[in-house]
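Step one of this worksheet: look at the structure below.
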Amino acid sequence: MQAHDIMSSPVVTVTPDMTVKYAANLLSAHGFTALPVLDADGRLIGMVTEADLVRDRFPRDARHHPADDTGPDDPPRPPAGTVGGVMTSPAVGMGAGTDVADLVRMLIEDRIRSMPIVDGAHVVGIVTRRDLVQALARDDEVISADVRHQLAIYGGPARWTVEVHGGAVEVVDAFDDETDRHVALVLAQAVPGVTAVHVTGTSTAG
């Protein structure tokens, strides 16, 4: 499976001059955790996350913290009011043809929740951890129907037997052709929600 098989598109984005309040409204309304930040030419220049927006945004409750660390002549600096003042930059993006396994590894290793999918410097989609979890949660019957559809386009509807259990796909090729079994493997692996694929011919099935 590649990034374009699972990414969300089109993408909700912001620009550096937009207010933090506006970005917060977008995150809240859509249930996102981050937004790509684009310059005037539509190029990816940063990401603004929930953490970026809330950092230093909430003052201490004076009822419980009456003694301020800063004196009257040294008031705290107000947080930036625009996306450009709080965003994380530069931003990392991955191509639409990126293997989802590589994308998942980067999300986990870099401890980020979403990855912009780019064509050059322009955002064409985004993959979030939620997208990945939703793919894993797809019903086996839905996955099976998608795999059958892909295989029917390639080799006809009556050629393949498909069973799916917990996202793991078992395919049997009635014609028992090694080259076509490899194609079937590739097609089945590209279906969202598939976690493993085993393809056999009628002479080796069972």
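The shown structure was predicted, so the numbers you read here are calculated from the model rather than taken from an experiment. Here, residue 1 is the first one in the sequence, and each next residue gets the next number.
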Examine distances only and state if a side-chain atom of [X] and a backbone atom of [Y] form a donor-acceptor pair shorter than 3.5 Å.
X: T13; Y: L38; result: no
X: D41; Y: R43; result: no
X: R113; Y: A34; result: no
X: D131; Y: T128; result: yes
X: D110; Y: I112; result: no

Exercise. Going through the distances and angles, do S28 and N25 end up as a side chain to side chain donor-acceptor pair (under 3.5 Å)?
Worked result: CA-CA 5 Å; S28 177; N25 284 333; over 6 Å; no

Rounded at 0.5 Å granularity, tell me how far [atom1] in [X] sits from [atom2] in [Y].
X: H122; Y: L44; atom1: NE2; atom2: CG; value: 10.0 Å
X: D102; Y: L107; atom1: CG; atom2: CG; value: 11.0 Å
X: D176; Y: R159; atom1: CG; atom2: CZ; value: 9.0 Å
X: L151; Y: D146; atom1: CG; atom2: CG; value: 11.0 Å
X: M1; Y: T98; atom1: CE; atom2: OG1; value: 13.0 Å

Problem set entry | Path from V92 to I108 over hydrophobic side-chain contacts below 4.5 Å | yes

Exercise. Between T88 and D52, is any side-chain donor less than 3.5 angstrom from a side-chain acceptor?
Worked result: yes

